[in-house]
Trainee: 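My structure is below; once you've seen it, I'll send some questions.
For this chain, numbers begin at 1 and follow the sequence in order. Keep in mind that the numbers below use all heavy atoms, side chains included, and drop hydrogens, waters and symmetry copies.
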Amino acid sequence: MDPNDLQYLFKFACGLDPNAASKVIQLLKRKEDGDRFALLCALEQRGNGNNIGLDEVRNLMSVRVDINSWNSRLLQRTTVQLLELASGNGIPIAHVYIQGCSAVADQSGSSLALSSQLSLPILSTLQRLEIGDNDRRMDNTEVGGILSYTAQCTAVKVLEFGAYHVLPMQLPDQVQGAEPILSTLRSRNVTVTWRVSFITKYLNLFTGRWGIGDRSIWERCLIS
């Protein structure tokens with residue numbers, strides 16, 4: 001019995017009957033990658049007079065949450081649902097790390113599509129987003145889409161691209177309305193970095209170019 005095929009049935013059963021919920025949760029905890037789904041099912045009981053709250057979700061979101069290409073589809077789907085739940089309940093999401101999933105923003109930048117065909121929606125409480133892919137070459141449109149997504153996640157302070165990305169050295173103004181996006185990121189003092197071997201490059205949010213060194217120093221020089 002694959003929980004991924006019966007996810008909504010399991011959650012529905014947990015919301016109806018505490019006894020069934022207890023059995024379902026115990027079953028899921030014995031399944032590989034089932035712990036987070038068990039937490040989702042437990043949360044279905046919150047309206048039934050029990051004491052299950054959002055403390056476990058809050059604890060989970062206080063540390064880095066990984067979405068990896070080698071995770072099972074059940075774990076990826078459950079992780080995305082928990083992130084949505086946290087955002088919808090105003091719970092701060094400290095750090096999301098998307099590894100090897102070829103994340104691509106849709107045209108409006110309102111979600112990130114993953115290689116598993118799942119998508120990560122706008123998360124209003126996300127504070128740090130990190131994207132890592134091995135030997136992935138991204139063009140201006142792809143980078144612009146991820147910047148647009150980041151701009152719409154209104155609590156983000158840091159966006160990081162991993163060391164194995166190959167990125168364009170400048171983001172042209174015409175790419176997906178780059179200047180309004182950069183302006184939004186500037187107004188929130190967002191830091192955008194790209195790790196290249198042992199060097200960290202910073203995206204200049206005035207010019208759209210990558211630079212090396214302390215971001216505040218060379219941006220102050222640009223303004224003066």
Trainee: With rounding to the nearest 0.5 Å, note down the distance linking CG in Leu182 to CG in Asn204.
Mentor: 9.0 Å
Trainee: Taking side chain to side chain contact (heavy atoms under 4.5 Å, CB included) as the test, write out the residues that go with Thr154, two or more places apart.
Mentor: Ser124
Trainee: Does one hydrophobic cluster hold both Val65 and Leu85, with members joined at side-chain heavy-atom distances below 4.5 Å?
Mentor: yes
Trainee: Under 3.5 Å, sequence neighbours excluded: what are the donor-acceptor pairs made by side chains of residues 114-123?
Mentor:
from   : atom 1 : to     : atom 2 : distance (Å)
Ser115 : OG     : Cys101 : O      : 3.3
Ser116 : OG     : Gln76  : OE1    : 2.6

Trainee: Are any side-chain N or O atoms of Ser148 and backbone N or O atoms of Gly144, one a donor and one an acceptor, separated by less than 3.5 Å?
Mentor: no
Trainee: Between Arg186 and Glu179, is there a salt bridge with N-O shorter than 4.0 Å?
Mentor: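 Looking at Arg186 together with Glu179, the answer is yes, because their closest N to O distance falls below 4.0 Å.
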Trainee: Roughly how far, to the nearest 0.5 Å, is OH of Tyr149 from CG of Leu126?
Mentor: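 Going from the CG atom of Leu126 to the OH atom of Tyr149 covers 6.0 Å.
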Trainee: Give me each pair satisfying salt bridge (charged side-chain N to carboxylate O under 4.0 Å, His left out) with a member in residues 85-98, each pair once, sequence neighbours excluded.
Mentor: none
Trainee: Please list, chain by chain and in numerical order, all residues satisfying side-chain hydrogen bond (donor to acceptor under 3.5 Å, both in side chains) with Arg58, sequence neighbours excluded.
Mentor: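 Only Asp55 meet the side-chain hydrogen bond (donor to acceptor under 3.5 Å, both in side chains) criterion with Arg58.
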Trainee: Kindly state each residue pair satisfying salt bridge (charged side-chain N to carboxylate O under 4.0 Å, His left out) with at least one member in residues 112-131, sequence neighbours excluded.
Mentor: Arg128-Glu160, Glu130-Arg195
Trainee: Any side-chain to backbone donor/acceptor pair from Ser87 onto Glu84? Under 3.5 Å, distance only.
Mentor: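 No.
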Trainee: Keeping Ser183 on the side-chain end and Pro180 on the backbone end, is there a donor-acceptor pair under 3.5 Å?
Mentor: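 Side chain of Ser183 to backbone of Pro180, a donor-acceptor pair under 3.5 Å: no, none is there.
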Trainee: Apply side-chain contact (heavy atoms from CB on, under 4.5 Å) to the pair Leu129 and Ile98, showing each step before the final yes or no.
Mentor: CA-CA 8 Å; Leu129 175 62; Ile98 302 174; 4.1 Å; yes
Trainee: Is Lys201 reaching over with its side chain to a backbone N or O of Val192, donor-acceptor style, under 3.5 angstrom?
Mentor: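 Not at all, since once roles are kept as given, no pair shorter than 3.5 Å links the two residues.
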Trainee: Excluding sequence neighbours, so at least two apart, what forms side-chain hydrogen bond (donor to acceptor under 3.5 Å, both in side chains) with Gln99?
Mentor: Tyr97
Trainee: Under a 4.5 Å cut-off applied to non-hydrogen side-chain atoms, are Tyr202 and Thr191 in contact?
Mentor: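 Counting from C-beta outward, Tyr202 and Thr191 do come under 4.5 Å.
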Trainee: What do the steps show when you test Leu147 against Leu203 for side-chain contact (heavy atoms from CB on, under 4.5 Å), and what is the final call?
Mentor: CA-CA 11 Å; Leu147 290 174; Leu203 183 65; 4.0 Å; yes
Trainee: Considering all heavy atoms of both residues, which atom of Ser69 and which atom of Gly100 are nearest to each other, and what is their separation?
Mentor: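 Taking every non-hydrogen atom into account, CB-O, 3.0 Å.
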Trainee: For the CD atom of Gln127 and the NE2 atom of His95, what is their distance to the nearest 0.5 Å?
Mentor: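 Those atoms lie 11.0 Å apart.
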Trainee: Give the minimum heavy-atom separation between Ile67 and Thr79, together with the two atoms involved.
Mentor: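 Result for this residue pair: CG1-CG2, 3.8 Å.
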Trainee: Going by the rule side chain to side chain contact (heavy atoms under 4.5 Å, CB included), which residues pair with Ala86 if we only count those two or more places apart in sequence or in a different chain?
Mentor: Val57, Met61, Ile91, Ile93
Trainee: Which residues pass the side-chain hydrogen bond (donor to acceptor under 3.5 Å, both in side chains) test with Thr125, not counting sequence neighbours?
Mentor: none
Trainee: Any chance you could measure Ile131, atom CD1, to Glu142, atom CD, to the nearest 0.5 Å?
Mentor: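 Here the interatomic distance stands at 10.5 Å.
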Trainee: Just verifying a value: how many Å separate Thr200 OG1 and Trp194 CH2, rounded to the nearest 0.5 Å?
Mentor: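 That separation rounds to 11.5 Å.
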